[in-house]
Participant: 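Questions regarding the structure given below will be posed in turn.
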Amino acid sequence: MTKKRARIIYERLTEMYPDARCTLDFRDPFELLVGGVLAAQCTDERVNKVLPALFERYPDAAAMAGAKPENLLPLIQSCGLFRNKAKALQGSSRVLTEVFDGQVPESMEALLSLPGIGRKIANLIRGDGFGIPGVVVDTHCARVAFRLGLTKRKDPPGIERDLEALLPDDAKIRFGHLMVAHGRKICKAQKPRCQDCSLADLCPKAGVVLD
DNA sequence: ATCCCGAGGG
DNA sequence: CCCTCTGGAT
């Protein structure tokens, strides 16, 4: 019964956002790793603007691991949190070269062993980089799922399990992107636009501002 | 002024 | 669990 609800939500979101996709312009696993790191607290549009020059200079993990901060920082500065991000890029690249032969691994455990890579970016790499079915749970996805009553949890791993239990494999990757698109445009954290939401009739939180 | 597609650390 | 890190968009 709840699966049917999830199915309806998936279909309506697809109508609302017919071309929802990963909004990063790159799909190679290492490029997604870099893009995912840079995307924290920053729009993908800005990340997309920065990535070409970054990859031209540091095309792979070996090059990124050896980058001098004085050269790397200016390239990513406009994305904010740049010291943390430089550390994450170099730390993960170093482990990639030293432990994984320069290749981005597919397993969740291996990805989470990379410094600066957490569950959100790991799932992004697995889904859009390797095509492994899974739901990327970021802050948008978590908020929208909670409001819709698709989960009663607040912790991302729990939300991830709840959502994946509700969806067929071929819907999981796209569902994450749909939730993000919806969270950005309509189901916003502060002022959700429930009047403009075609899910309002089946949303327990419609018209309610609080979480 | 205030918020934002995360992760690590206290 | 709460804090911090940062520039850019609104």
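In this text, all values refer to a predicted model and were calculated from it rather than measured experimentally. Sequence lines set the chain letters: A, B, ... in the order given, protein chains first and strands last, and positions in each chain run from 1.
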Participant: Identify which nucleotide among C/dT6, B/dC5, B/dC3 has an atom closest to any side-chain atom of A/R83, counting heavy atoms from C-beta outward.
Facilitator: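 Among the listed nucleotides, the one closest to the side chain of A/R83 is C/dT6.
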Participant: Please check the phosphate of C/dA9 (OP1 and OP2 only) for any side-chain N or O of A/R46 closer than 4.0 Å.
Facilitator: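 Checking C/dA9 against A/R46, a side-chain N or O does come within under 4.0 Å of OP1 or OP2.
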Participant: Assign each of A/L114 and A/V180 to its nearest nucleotide of DNA chain B by heavy atoms, then name whichever residue's nucleotide is nearer the 5' end.
Facilitator: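 Final value for this comparison: A/V180.
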Participant: Between B/dC5 atom P and A/I121 atom CD1, what is the distance in whole Å?
Facilitator: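 Distance, rounded to whole Å: 14 Å.
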Participant: Given B/dC3, C/dG7, B/dC5, which nucleotide is nearest the side-chain atoms of A/S78?
Facilitator: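 Side chain of A/S78 sits closest to C/dG7.
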Participant: Using whole Å, what does the distance between atom C1' of nucleotide B/dG6 and atom CG of A/L33 come to?
Facilitator: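 Rounding to the nearest Å, CG of A/L33 and C1' of B/dG6 are 13 Å apart.
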Participant: Report the nucleotide, chosen from B/dC4, B/dC5, C/dC5, that has the shortest atom-to-atom distance to any side-chain atom of A/N84.
Facilitator: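 Nearest to the side-chain atoms of A/N84, counting from C-beta on, is C/dC5.
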Participant: Select from A/P115 and A/D44 the residue whose nearest nucleotide in DNA chain B is closer to the 5' end of that strand.
Facilitator: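 Taking each residue's closest nucleotide, the earlier one in sequence belongs to A/D44.
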Participant: Sticking with atom P, work out how far B/dT2 lies from C/dT4, rounded to a whole angstrom.
Facilitator: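 So the two P atoms sit 16 Å from each other.
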Participant: Rounded to the nearest Å, what distance is computed from the CZ atom of residue A/R184 to the C1' atom of nucleotide C/dA9?
Facilitator: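 Rounded to the whole Å, the gap is 11 Å.
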Participant: Main chain of A/A110, side chain of A/S113: is a donor-acceptor contact present, judged purely on distance under 3.5 Å?
Facilitator: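 Yes, A/S113 side chain to A/A110 backbone: donor-acceptor pair under 3.5 Å.
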Participant: Any salt bridge between A/D44 and A/R184, counting N to O under 4.0 Å?
Facilitator: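 No, no charged N to carboxylate O under 4.0 Å.
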Participant: Using the P atom in both, what is the distance from B/dC3 to C/dC3, to the nearest Å?
Facilitator: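 Each nucleotide's P atom is 14 Å from the other's.
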Participant: Do any side-chain nitrogens or oxygens of A/R119 fall under 4.0 Å of OP1 or OP2 in B/dA7?
Facilitator: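 So the side chain of A/R119 is outside the cut-off, no N or O lying under 4.0 Å from OP1 or OP2 of B/dA7.
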Participant: Would you give the length of the straight line joining atom CG of A/L32 to atom SG of A/C22, rounded to the nearest 0.5 angstrom?
Facilitator: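 Taking CG in A/L32 and SG in A/C22, the distance rounds to 5.5 Å.
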Participant: Are any non-hydrogen side-chain atoms of A/V99 and A/L114 less than 4.5 angstrom apart?
Facilitator: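 Not in contact.
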Participant: Of the listed nucleotides (C/dG7, B/dC4, B/dC5), which one gets closest to any side-chain atom of A/H140?
Facilitator: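 Of the candidates, B/dC5 comes closest.
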Participant: For A/L24, which contact category applies under a 4.0 Å heavy-atom criterion: base, sugar-phosphate, or nothing?
Facilitator: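 Touches nothing.
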Participant: When you compare C/dA9 with B/dA7, how far apart are their C1' atoms, in angstrom units rounded to a whole number?
Facilitator: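 So the two C1' atoms sit 23 Å from each other.
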Participant: Just the rounded figure in Å: distance from C1' of C/dC5 to CG of A/L81.
Facilitator: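 Answer to the nearest Å: 5 Å.
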Participant: For the side chain of A/T139, starting at C-beta, report the closest nucleotide among B/dC5, C/dT6, B/dA7.
Facilitator: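 Between B/dC5, C/dT6, B/dA7, the one nearest the side chain of A/T139 would be B/dC5.
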Participant: Rounding to the closest angstrom, what is the interatomic distance between B/dG10 and C/dT6 at atom P?
Facilitator: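 These two P atoms come out 16 Å apart once rounded.
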Participant: Hey, what do you get for CG (A/L33) to CG (A/L124), rounding to the nearest 0.5 Å?
Facilitator: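 It is 9.0 Å, given to the nearest 0.5 Å.
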Participant: Rounding to a whole Å, what distance do you find between A/R153:CZ and C/dC1:P?
Facilitator: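 Distance, rounded to whole Å: 14 Å.
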Participant: Let me know the distance between NZ of A/K188 and P of B/dT2, rounded to the nearest Å.
Facilitator: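 Taking atom P of B/dT2 as the reference, NZ of A/K188 is at 17 Å.
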Participant: How many Å lie between NZ on A/K185 and C1' on C/dT10, as a whole number?
Facilitator: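 One finds 16 Å between C1' of C/dT10 and NZ of A/K185, rounded.
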Participant: Mind telling me whether A/F55 and A/F30 have parallel, tilted or perpendicular rings, with 30° and 60° as the class edges?
Facilitator: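 Tilted.
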Participant: So if I take every side-chain heavy atom of A/T23 and compare against B/dC5, C/dG8, C/dT6, which nucleotide ends up nearest?
Facilitator: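 For A/T23, the side-chain atoms sit closest to B/dC5.
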Participant: Nearest-Å distance, CD (A/Q41) to P (B/dG6)?
Facilitator: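 Going from CD in A/Q41 over to P in B/dG6 covers 6 Å.
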